[in-house]
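On a predicted model such as this, the values are computed, not experimentally measured, just so you know.
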Amino acid sequence: MLKIDHLETMQRNFSLDIENVTFHRGVNIILGPNGGGKSTLLKGMLGYGGSHILSREIAYHGSALGDISDIISFLPQENPRFRIRVEEYLIMTAAAGKVAEERVAEIIRRFHIGHLLGRSIEELSGGEFKRVQCAQIALEDKPIIMIDEIEQGLDLFHQHEMMKWLTREGQKKIVITTMHEAQLAMTYGDTITLLQAGRAEGPLPAAQVTSGQLSRCYNIRLTMERHRNAVSIYHSPL
Ligand SMILES: Nc1ncnc2c1ncn2[C@@H]1O[C@H](COP(=O)(O)OP(=O)(O)OP(=O)(O)O)[C@@H](O)[C@H]1O
Ligand SMILES: [Mg+2]
């Protein structure tokens, strides 16, 4: 488990203050409005933020979280692109992790990126690049996966594909991802953390999150309906 005893950051007028938040194995989703602090929270957990970080006490399985490089794979909201072929990009990661060739082939199939291997990273569409980056995370195979805006740029097919991949990873890993697609979050998330104005509510079991909590978080009247295998959320103006 990953426990934030205390994380406090200050940037210009924005403060993030998180206390006693614990993430367990499974898919943990952070929802909240633009500027609520989702990216700041992920980066703060990683220790990225320099002098903006005022306090950072985080424990992984009971010990202070020190060097994160062997433990956490992180995919930021914006990632710079380089002129490098997809194949080389993946091979670099695979070689670093001594990943077997069959495993690389399996991951290439799973993320539907076989036809992209000869292309430059710079030329990919937003969703294609996202799939390649997720493939890289799968190759890294670290015990914690953090992704900022998993569904960003993905079409409907790949949004579900990606959430199914995270669900499988969550059986053995701690997955923490931010999202804006609340329906997708409620359908696939084990826990939901609502983050607004730098303050967190949760993690809450996804099945217990109410329409009222979502409405307050986004400051818009929302109605959530749970179906057998999915959740629908719609705006219900008065
Ligand atoms: N480097 C920075 N300097 C000053 N303020 C910053 C900086 N980075 C972020 N902020 C501010 O901190 C607040 C939280 O930003 P953050 O990026 O964490 O929000 P977010 O929840 O990820 O939003 P979004 O959904 O738009 O990605 C915002 O008000 C933002 O303007
Ligand atoms: Mg963000």
Side-chain angles (χ1 to χ4, degrees), residues 1-2 4 21-32 38-39 41-43 45-46 60 68 70-79 89-90 93-94 97 99 103-104 106-113 116 126-195 200 202-209 214 224 226-233:
M1 72 183 200
L2 187 68
I4 306 175
V21 164
T22 303
F23 296 108
H24 295 277
R25 220 166 38 187
V27 179
N28 301 278
I29 297 178
I30 300 169
L31 292 178
K38 299 178 297 298
S39 299
L41 170 58
L42 293 190
K43 286 186 268 187
M45 280 197 272
L46 292 157
Y60 176 56
I68 55 164
D70 289 338
I71 300 172
I72 305 178
S73 288
F74 174 53
L75 183 52
Q77 192 170 339
E78 315 281 348
N79 223 358
Y89 190 73
L90 294 176
T93 312
V99 184
R103 174 86 181 128
V104 177
E106 182 195 326
I107 285 171
I108 288 169
R109 274 196 305 277
R110 175 183 294 169
F111 291 91
H112 308 107
I113 55 175
L116 302 174
E128 288 169 344
F129 183 41
K130 188 62 156 260
R131 276 151 48 205
V132 169
Q133 291 173 99
C134 287
Q136 201 181 34
I137 285 183
L139 284 170
E140 286 178 353
D141 199 21
K142 295 180 186 174
I144 302 175
I145 295 177
M146 285 191 195
I147 300 181
D148 203 353
E149 300 205 0
I150 176 68
E151 85 283 25
Q152 181 200 52
L154 294 174
D155 64 38
L156 275 177
F157 172 81
H158 285 106
Q159 285 182 12
H160 286 278
E161 283 288 291
M162 229 40 107
M163 294 314 293
K164 286 176 197 162
W165 165 59
L166 288 184
T167 301
R168 277 194 301 271
E169 293 286 46
Q171 287 167 4
K172 50 187 193 303
K173 301 181 181 184
I174 300 171
V175 176
I176 304 171
T177 180
T178 73
M179 290 181 85
H180 283 296
E181 286 290 338
Q183 289 193 170
L184 210 56
M186 291 298 164
T187 301
Y188 288 97
D190 293 307
T191 77
I192 304 291
T193 302
L194 301 171
L195 186 63
L204 309 158
Q208 290 176 18
V209 176
L214 276 187
M224 176 165 49
R226 290 190 165 86
H227 313 285
R228 206 153 60 90
N229 290 321
V231 175
S232 59
I233 297 171

Please assess E151 against M162 for the test side chain to side chain contact (heavy atoms under 4.5 Å, CB included), listing each intermediate value before the final yes or no.
-> CA-CA 8 Å; E151 85 283 25; M162 229 40 107; over 6 Å; no
Could you pull out all residues at least two apart from H112 that satisfy ring pair (Phe, Tyr, Trp, His ring centres under 6.0 Å)?
-> F157, H158
Atom of [X], atom of [Y] and distance for their closest heavy-atom approach:
X: L90; Y: A135; answer: CD2-CB, 4.1 Å
X: S232; Y: H227; answer: OG-NE2, 2.9 Å
X: Y188; Y: H160; answer: OH-ND1, 2.8 Å
X: G189; Y: A206; answer: O-CB, 3.2 Å
X: P203; Y: T193; answer: CA-OG1, 3.3 Å

Show the atom names and distances, to 0.1 Å, of all donor-acceptor pairs under 3.5 Å that link a side chain in residues 70-77 to residues at least two apart or in another chain.
| unit_1 | atom_1 | unit_2 | atom_2 | d |
| --- | --- | --- | --- | --- |
| S73 | OG | E140 | OE1 | 2.4 |
| Q77 | OE1 | S39 | OG | 2.7 |
| Q77 | NE2 | E149 | OE2 | 3.4 |

Do [X] and [Y] come within less than 4.5 Å of each other through their side chains, counting heavy atoms only?
X: I174; Y: P143; answer: no
X: E181; Y: I29; answer: no
X: C134; Y: L166; answer: no
X: D141; Y: K173; answer: yes
X: I30; Y: L42; answer: yes
X: R226; Y: V231; answer: yes
X: L184; Y: M163; answer: yes

Take atom CZ in R110; do more than 12 heavy atoms of anything else shown fall under 6.0 Å from it?
-> yes
Relative to the ring of F129, is the ring of Y89 parallel (under 30°), tilted (30 to 60°) or perpendicular (over 60°)?
-> tilted
Please name the residue in the list T191, D190, T177 that meets the side-chain hydrogen bond (donor to acceptor under 3.5 Å, both in side chains) test with N28.
-> T191
Straight-line distance of [X] [atom1] to [Y] [atom2], nearest 0.5 Å:
X: Q133; Y: T93; atom1: CD; atom2: OG1; answer: 11.0 Å
X: F111; Y: L139; atom1: CZ; atom2: CG; answer: 8.5 Å
X: I144; Y: R25; atom1: CD1; atom2: CZ; answer: 13.0 Å
X: M186; Y: M179; atom1: CE; atom2: CE; answer: 10.0 Å
X: I147; Y: Q152; atom1: CD1; atom2: CD; answer: 11.5 Å
X: M146; Y: I176; atom1: CE; atom2: CD1; answer: 4.5 Å

Step-by-step side chain to side chain contact (heavy atoms under 4.5 Å, CB included) determination, M45 to L2 | CA-CA 10 Å; M45 280 197 272; L2 187 68; 4.2 Å; yes
Salt-bridge contact R103-E106 (side-chain N to carboxylate O under 4.0 Å) = yes
Decide whether W165 and E161 meet the rule of one side-chain donor and one side-chain acceptor closer than 3.5 Å.
-> no
Using the side chain to side chain contact (heavy atoms under 4.5 Å, CB included) rule, take L214 and L31 through it: C-alpha gap first, then chi angles, then the decisive distance, then the call.
-> CA-CA 9 Å; L214 276 187; L31 292 178; 4.2 Å; yes
When you look at I4 and L41, which way does the side chain to side chain contact (heavy atoms under 4.5 Å, CB included) test go after all the steps?
-> CA-CA 10 Å; I4 306 175; L41 170 58; 4.0 Å; yes
